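Atoms within a ligand are numbered from 1 in the order they appear, just like the ligands themselves. Here the structure is a predicted model, which is why all the values come from computation and not from measurement.
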Amino acid sequence: MVLIMETLTIRTENKFRSLITKQAYKKGEVMYSMPSENIMDKPNRFTVQIARDKHTHVGKLAALNHSCDPNVVLDTERMLMIARRDIEKDEELSFFYPSTEWEMQAPFICLCGSVNCIHVVAGARFLPLSTLENYYLSKHIREMMIELLNNTKAHLKKLQKV
Ligand SMILES: [Zn+2]
């Protein structure tokens with residue numbers, strides 16, 4: 001029998017949920033398997049995008065808040081949550097939403113206070129490459145970004161020919 005210890009806990013304060021780790025992790029360590037409970041073709045405020053047209057409910061991980069200086073990354077190819085830096089016991093976990101989300105259903109203003117704060121969190125398509133390149137990005141986000149750039153280039157070429 002494999003004993004799986006529950007290492008994550010959800011804290012609720014004034015209806016605001018956050019995800020807390022009950023143990024410490026080293027940078028690069030696998031922390032959790034991402035659950036995939038209900039795959040849909042449209043995002044909502046509880047889903048994580050795992051491919052171009054796939055959005056999934058992720059159980060407890062739905063309580064992960066956004067940060068522009070996050071401590072975890074979601075590897076949507078292997079469906080794993082990984083420590084982006086050393087994390088202490090009882091720390092709140094957060095990830096960079098645009099690393100998985102191309103266009104969010106419910107954009108919001110970020111007040112994380114980080115020096116790199118992007119302020120408007122609406123999805124990767126609304127961010128410049130110079131910002132995105134500072135973050136781990138899911139494969140589908142990298143692909144969609146390249147596509148967007150190629151389309152823009154093609155469009156510019158067309159304009160030049162006129
Ligand atoms: Zn921020």
Side-chain angles (χ1 to χ4, degrees), residues 7-36 40 42-149 152:
T7 53
L8 304 175
T9 183
I10 295 173
R11 188 172 63 195
T12 308
E13 268 172 68
N14 301 323
K15 290 186 185 168
F16 187 77
R17 302 203 307 163
S18 49
L19 194 65
I20 311 294
T21 175
K22 291 192 267 185
Q23 73 174 68
Y25 291 93
K26 289 278 171 222
K27 180 180 177 177
E29 225 179 308
V30 171
M31 303 170 66
Y32 208 74
S33 273
M34 274 172 75
S36 182
M40 289 161 292
K42 294 259 176 339
N44 65 48
R45 61 180 69 228
F46 306 108
T47 57
V48 168
Q49 187 171 5
I50 55 169
R52 186 177 293 259
D53 297 310
K54 278 187 186 166
H55 305 264
T56 182
H57 280 270
V58 287
K60 240 179 202 191
L61 299 192
L64 272 172
N65 288 311
H66 164 88
S67 170
C68 301
D69 184 21
N71 52 11
V72 307
V73 299
L74 296 183
D75 179 335
T76 53
E77 281 179 272
R78 294 186 296 161
M79 295 301 279
L80 296 172
M81 181 169 80
I82 296 164
R84 187 176 182 243
R85 51 173 164 79
D86 290 356
I87 298 172
E88 294 183 17
K89 182 177 185 280
D90 297 326
E91 228 184 281
E92 182 189 341
L93 303 179
S94 59
F95 84 105
F96 186 69
Y97 284 9
S99 71
T100 61
E101 306 307 302
W102 179 246
E103 191 167 352
M104 288 164 54
Q105 185 261 334
F108 61 90
I109 303 295
C110 183
L111 300 169
C112 76
S114 140
V115 285
N116 306 316
C117 186
I118 60 170
H119 306 297
V120 178
V121 184
R125 72 169 299 168
F126 304 106
L127 291 172
L129 265 186
S130 54
T131 299
L132 290 173
E133 68 188 10
N134 298 319
Y135 295 94
Y136 167 90
L137 299 174
S138 292
K139 185 168 168 254
H140 60 273
I141 295 295
R142 294 195 306 265
E143 286 173 355
M144 290 162 96
M145 187 50 73
I146 289 166
E147 209 170 279
L148 182 68
L149 286 172
T152 307

Legend entry - Angle in degrees, rounded to 10°, that SG of C68 and SG of C117 form at the Zn ion (ligand 1): 110°
Inset, instruction - If the plane angle is over 60° it's perpendicular, under 30° parallel, otherwise tilted; pick one for F46 and H57. - result: parallel
Inset, instruction - Confirm or rule out an N/O/S atom of H119, from backbone or side chain, lying less than 2.8 Å from the Zn ion (ligand 1). - result: no
Inset, instruction - With the side chain counted from C-beta on, respond yes when L129 and M145 share a heavy-atom pair under 4.5 Å apart, and no when they do not. - result: yes
Legend entry - Metal-centred angle, SG of C110 through the Zn ion (ligand 1) to SG of C112, rounded to 10 degrees: 100°
Inset, instruction - Taking the side chain as every heavy atom from C-beta outward, state whether E101 and V121 have any atom pair closer than 4.5 Å. - result: no
Legend entry - Parallel, tilted or perpendicular: rings of Y97 and H66 (30°, 60°): perpendicular
